[in-house]
Amino acid sequence: MSDTHAQSVAYVRDTMLPEAEPPASETGVVKWVRANLFPDWINSILTIVAIYFLYKIVSGAWPWFMNGIWSTDSLAECREILQGTTGACFSVLTERWNQLLFGFQYPNEQYWRPTLAFILLFVAAAPLLFAMYVPRKVLYFTALYPFLAFWLIWGGTIMVPIVALVGIVAGYIVFKKLEGNSFAAGLFGGIAAAAITWFIGGFIADAMSNFLALPAVPSRDMGGFMLNFILGVVCVSLSLPIGIVLALGRQSHMPIIKWICVIFIEFIRGVPLITLLFVANVVLAYFLPPGTNFDLILRVIIMITMFSSAYIAEVIRGGLAALPRGQYEAADSLGLDYAQSMRLIIMPQALKISIPGIVNVAVGLFKDTVLVSVISMFDLVGMIRGPILASTEWNGVYWELWGFAVVMFFPVCYGISQYSQWLERQLNTEHR
Amino acid sequence: MKRSLVIGATFVAGLSSAAAAATIDDIKARGKLNCGVTTGLVGFAAPDANGEWDGFDVGVCRAVAAAVLGDETAVEFVPTTGKTRFTSLASGEIDMLARNTTWTFSRDVDLKFEFVGINYYDGQGFMVPKELGVSSAKELDGATICIQTGTTTELNLADFFRNNNISYEPVPIETNAEAQPLYLEGACDVYTTDASGLAATRAAFENPGDHVVLPEIISKEPLGPLVRHGDNEWADVVRWTLNALIAAEEYGVTSANIEELSGGSDNPEINRLLGSEGNLGEQLGLDADWAKRAIMVGGNYGELFEKNIGENTPIGLSRGLNAQWTDGGLLYAPPFR
């Protein structure tokens, strides 16, 4: 052993060579391009083909976009100016901008109201979405926001939302007082108190119908992207709590509650959304007495909420099923009752697991709101397909309008998805 | 199950007949006419940039509102799609439907509606690019044809080609809006739909002159306003308002000379129409000026036509079948006496 070593020692270098620069083909941009775009001949061909198509798309769309005309009154004028050259007619967006956002019946001078409600939405949502950065006191504003937004968008006297709010508060106080006796007494007492408050408040609101009244805008006049946004926000925020309740109900040991939840979820999931919307729009009208005016937007909100809460319930059930049994047993062994164990131990974990699924449902739901255009409501898509493409001025403008719809929907959906990824990172407590 | 269905049906029928019993009183109490229109069809009904509804069908709604309520703006336009229009009318959500709806046997009889007249005689036609050099639909052997699926036009087309013993290749499409770019890109040689729709589509092209509408009309599509079965008084009001517009054109009553003529004229028919003679308005349950108000809204039938879809509009439809019977058309209002 030592002999071998003795012979080789003469050839052993005893100092390190200085580090050489890596070859030019293995550093920087060249390396990146080689590794990612041209690693072997199949990928090289694919890269070249892809670049070719990208070039074709950009070179085709660029003049169309750059020659775009923004200030004419009709498609015919656009064509006159373009004289046969390629170019977009974006004037339809500038001329019908308000209609695309608010529908064609919302009164012009009241546009500030939905806009203000939209801005306040971010203030109200901030403490829910970014709990760690926003003072908790803002939550009071969040609780008031639905009533404020209703008053801003639909108008009428402020007494209506105030009475609704007071009724809920009264119900809550009675519930808290009676809850000590039994949960059921609290629940029914609370509902009764709220109903009585609303009943009496109804007369007060009628009597004071001019108190701080904004001009009322009926539901039929809502439209444009505003309608998509109202439906999306309301239905997502309602379907999350309902979905949680349904998911827990489905796991309940009480057979009636369990079967109600199972049947509800399975029935709603087994029916297409568009069918539910048709029921809301046309079939209900047969069963209601003539002359009853059951608000169309309310009907649609109920249907979409039912639909998405069934899906969210199943997503959350997946989260619940993923929790090890030990978590339930640990909660029991600590002596927590059902509500405490769910609130403190089970739900925080189950919801964290369910985030991607919930976000998936939320994004899908937001896009599904355009289905209301089929039941002759004028949301963004309804506005484009109906009044705008059917006007004599703009008949024949397609790319500009549908491109605009993409530009409106994409940032919202992408924003939701990015937020959920950020939230997942924030809540990541595992170390793997 | 069966029984509950029957009870439900009776209940529904009871409700709708209760609703229909006095439509005109409901409208007067409400102060507004609920009129069903399309969600948008060029020239026939579409809201403009200010959100005001305008168009040929809209003109009928406004005329009825003016006749009944004395105010052409007292109309609540309820937009309906092809799928929701009949349920909206049957359920009482709307009082009348003026939505370029073809009068067919089954719609009149089976769906229990009352077509009160025809305000536009349409028919299915063909449009081809001029460069094909086709001058008749019978030369279309082997052509690819863009056609809306699930419509009567599809069946009409099959019948026409079979009768003439020639073949074609259908390219199914969903809506007119979809057909427009497909046809222009050359995905099909021919586009077929109602002639008024063809004219409107062609008018929106960059070079309308490069396309021709062939002379053959292969189907009958009489379009008209309709109401529910069971309230004949209301049906009479809508029917005779439409007839008043048509008759006014025949007698030469226009929005320009109506003030002068309503004071009384040499023509007793005009006098009865405009209420200076007889009690036609009273018989309808309206006042004597009903027809005058209806005509003053947008003028007589001819004026409405010219303003919305006539030859001087971008849609550029000629009167054709929709001319007065005295000019060789089919419009023929029964006498006002």
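Lettering follows sequence order; numbering is per chain, from 1. Please read all numbers here as calculations on a predicted model, not as lab measurements.
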Taking every non-hydrogen pair under 4.5 Å, which of B:P79, B:A49, B:P314 racks up the most with chain A?
B:A49
Heavy-atom neighbours of A:W402 CH2 exceed 12 at 6.0 Å:
yes
Does A:R220 use its side chain to pair, donor to acceptor, with the backbone of B:F77 at less than 3.5 Å?
no
Can you establish whether the number of heavy atoms outside A:K367 located under 6.0 Å from its atom NZ is more than 12?
no
A:F267 atom CZ: more than 12 heavy-atom contacts under 6.0 Å:
no
By a 4.5 Å heavy-atom criterion (distance strictly below it), what part of A:F378 contacts chain B: side chain, backbone, both, or neither?
side chain
CZ of A:F65: more than 12 outside heavy atoms within 6.0 angstrom?
no
Considering only heavy atoms, which portion of B:E52 lies under 4.5 Å from any heavy atom of chain A: side chain, backbone, both, or neither?
neither
Nearest 0.5 Å please: distance from the CD atom of B:E93 over to the CG atom of A:L296.
7.5 Å
Give, as side chain, backbone, both or neither, the part of B:N50 having an atom under 4.5 angstrom from any heavy atom of chain A.
backbone
Chain A contact via B:I315 - which portion, at a heavy-atom distance below 4.5 Å
side chain
Using only atom types and a distance under 3.5 Å, with no angle test, would you say the side chain of A:E393 pairs donor to acceptor with the backbone of B:D48?
no
Counting only heavy atoms from other residues, nucleotides and ligands, does the tally under 6.0 Å from CH2 of A:W259 exceed 12?
no
Closest approach of B:W53 and A:Q105, non-hydrogen atoms and distance?
NE1-NE2, 4.4 Å
In terms of heavy-atom contacts, B:V42 and A:L389 come closest through CG2-O, 4.1 Å
Checking heavy atoms, do the side chain of B:F44, its backbone, both or neither come under 4.5 Å from chain A?
neither
May I ask you to check whether over 12 heavy atoms, not counting those of A:Q83, lie within 6.0 Å of atom CD?
yes
Closest non-hydrogen atom pair, A:P387 against B:A46
O-CB, 4.4 Å
